[in-house]
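Contents: one structure, followed by commentary.
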Amino acid sequence: MPELPEVETSRRGISPHIVGKVFKNVIVRQPKLRWPVPDNLPALLIGQTLQSVERRGKYLLLNCANGSLLLHLGMSGNLRITNPELAVGKHDHLDLVFADDTVLRLNDPRKFGAALWAEQPSQHPLLAVLGPEPLSADFSGEYLQQRAGSRRLPIKSLIMDSHIVVGVGNIYASESLFLAGLHPERPAGEIDLMGYQRLATAIKTVLQKAIEQGGTTLRDFTNAEGKPGYFQQALRVYGRRDQACIDCGEPIQHLKIGQRASYFCPVCQH
DNA sequence: CGAACGACCTGCAGGC
DNA sequence: TGCCTGCAGGTCGTTC
């Protein structure tokens with residue numbers, strides 16, 4: 001489910017229900033996620049007040065006075081607000097129960113997600129190495145060009161590297177490159193400053209728009225809502241193999257780049 | 001150092 | 001209906 005807009009949407013969705021409340025119970029049903037869920041997580045959280053919910057890249061930080069719970073949703077993770085009466089389903093791995101019986105529940109079929117503890121989140125090894133937030137002023141064409149140096153890596157792989165910039169997943173990478181008119185296989189070191197400025201702007205535009213749309217995702221999310229989401233209208237290339245380019249009519253092409261499906265217009269992108 | 005690739009895990013669609 | 005293959009929003013760790 002999640003790229004940055006989906007994680008941000010989750011953050012905004014859960015915050016009002018849980019911030020300021022006291023952890024009453026922590027139920028770990030499946031500790032084997034991407035990394036083991038710490039044994040002492042209940043002891044760390046119970047009795048603490050949740051002070052705020054922040055996002056860093058695709059991580060959510062549930063901040064308490066004694067440290068932060070880091071949540072990552074992997075490929076298939078989902079958070080929702082529920083209550084102790086509602087039946088526990090398959091892949092409901094973690095429940096955070098608050099004093100008023102509000103429950104924040106993590107469901108993650110593929111178990112690529114994570115629930116970790118950090119006393120100082122910014123120092124945590126997974127967070128300390130992350131690149132800038134794409135919507136911040138730190139992220140610019142100049143920055144991208146500087147990080148690209150003379151690397152031969154395909155540009156799509158570069159912008160999906162969280163050490164370079166966080167939050168650009170497989171869908172939005174294809175979409176951003178289309179907006180910027182850049183071929184996804186272009187070696188990063190070959191792109192000039194103007195190209196990088198277009199790309200940085202495109203990434204910001206695509207992510208911002210997706211957040212505004214509520215970060216709708218591909219299958220599940222839209223079905224549950226019963227509405228056509230952001231993607232049906234707004235995806236310009238992703239998943240549109242052999243369909244006409246919205247700008248020039250040429251069939252959208254499909255490639256594997258770094259093991260990931262990539263979509264682009266061979267006429268509009270160079 | 002950079003680049004490529006396997007690994008983690010489940011569910012689903014499509015072909016036979 | 002059932003079996004098999006390939007594919008899916010992420011990203012770390014290993015190898016060359």
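We name chains A, B, ... by the order of the sequence lines, and we start the count at 1 in each one.
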- Message: Suppose you measure atom P in B:dG6 against the same atom in C:dG6; what distance do you get, rounded to whole Å?
- Response: 13 Å

Identify all side-chain donor-acceptor contacts of residues 109-126 of chain A below 3.5 Å with residues at least two apart in sequence or on another chain.
residue: A:H124; atom: ND1; partner: A:L126; partner atom: N; Å: 3.0

- Closest heavy-atom contact between A:I81 and A:T102? CG2-CG2, 3.9 Å

- Message: Here's a test for you: under side chain to side chain contact (heavy atoms under 4.5 Å, CB included), which of A:R11, A:E8, A:E54 qualifies with A:L60?
- Response: A:R11

- Query: Within the structure, does a side-chain N or O atom of A:R260 lie under 4.0 Å from either OP1 or OP2 of C:dG10?
  - Reply: yes

- Item | Distance, rounded to the nearest Å, where A:L73 contributes CG and C:dG10 contributes P | 11 Å

- Query: Given atom CD of A:Q259 and atom P of C:dC12, what is their separation to the nearest angstrom?
  - Reply: 16 Å

- A:F178 side chain near A:Q269 side chain, heavy-atom distance below 4.5 Å: yes

- Query: Considering residues, nucleotides and ligands other than A:D39, do more than 12 of their heavy atoms fall under 6.0 Å from its CG?
  - Reply: no

- Rounded to whole angstrom units, what separation is found between the CG atom of A:L116 and the C1' atom of C:dC12? 13 Å

- Item | By side chain to side chain donor-acceptor pair (under 3.5 Å) - contacts of A:K156 (at least two apart) | A:N170, A:S262

- Message: Rounded to whole Å, please give me the gap between CG in A:L126 and P in C:dT11.
- Response: 10 Å

- Pairing residues for A:Q51 by the side chain to side chain donor-acceptor pair (under 3.5 Å) criterion, not counting sequence neighbours: none

- Output, in order, the C-alpha distance, side-chain angles, deciding distance and verdict of side chain to side chain contact (heavy atoms under 4.5 Å, CB included) for A:I191 and A:Q145. CA-CA 8 Å; A:I191 297 170; A:Q145 188 180 47; over 6 Å; no

- Query: Rounding to the closest angstrom, what is the interatomic distance between B:dC5 and C:dC7 at atom P?
  - Reply: 15 Å

- Quick one: are A:S174 and A:P184 in side-chain contact, heavy atoms under 4.5 Å? no

- Query: For C:dA8, does either OP1 or OP2 sit under 4.0 Å from a side-chain N or O belonging to A:K256?
  - Reply: yes

- On DNA chain B, more 5' by nearest nucleotide between A:H91 and A:R34 is A:R34

- Message: Under 4.0 Å, heavy atoms only, any strand: does A:R152 hit a base, just the sugar-phosphate, or nothing?
- Response: sugar-phosphate

- Message: Which Ile, Leu, Val, Met, Phe, Trp or Tyr residues join A:V97 in one cluster when any pair of side-chain heavy atoms under 4.5 Å counts as a link?
- Response: A:I27, A:V103

- Query: Base, sugar-phosphate, or nothing: which does A:R151 touch, judged by heavy atoms less than 4.0 Å apart?
  - Reply: sugar-phosphate

- Quick one: A:Y172 OH to C:dG9 P, roughly how many Å, whole number? 12 Å

- Query: What integer distance in Å separates A:H72:NE2 from C:dT11:C1'?
  - Reply: 7 Å

- So what does A:K32 touch, heavy atoms closer than 4.0 Å: a base, only the sugar-phosphate, or nothing? nothing

- Looking at A:H163, does any N or O in its side chain come under 4.0 Å of the phosphate oxygens OP1/OP2 on C:dC12? yes

- Task: Calculate the interatomic distance between A:K58 atom NZ and C:dC12 atom C1'; express it in whole Å.
- Result: 13 Å

- Note on the structure: Picking from C:dC12, C:dG10, C:dG9, the nucleotide nearest the side-chain atoms of A:Y238 would be C:dG9

- Note on the structure: Rounded to whole Å, CG of A:D161 lies from P of C:dG13 at a distance of 14 Å

- Task: Heavy atoms of chain A, cut-off under 4.0 Å: which first and last nucleotide of DNA chain B, 5' to 3', fall inside that, if you could look?
- Result: B:dG2 to B:dG11

- Query: Given pairs defined as Watson-Crick or G-U wobble with both distances under 3.5 Å, what dot-bracket annotation applies to DNA chain B, with ( ) intrastrand, [ ] crossing, | other strand and . unpaired?
  - Reply: .|||||||.|||||||

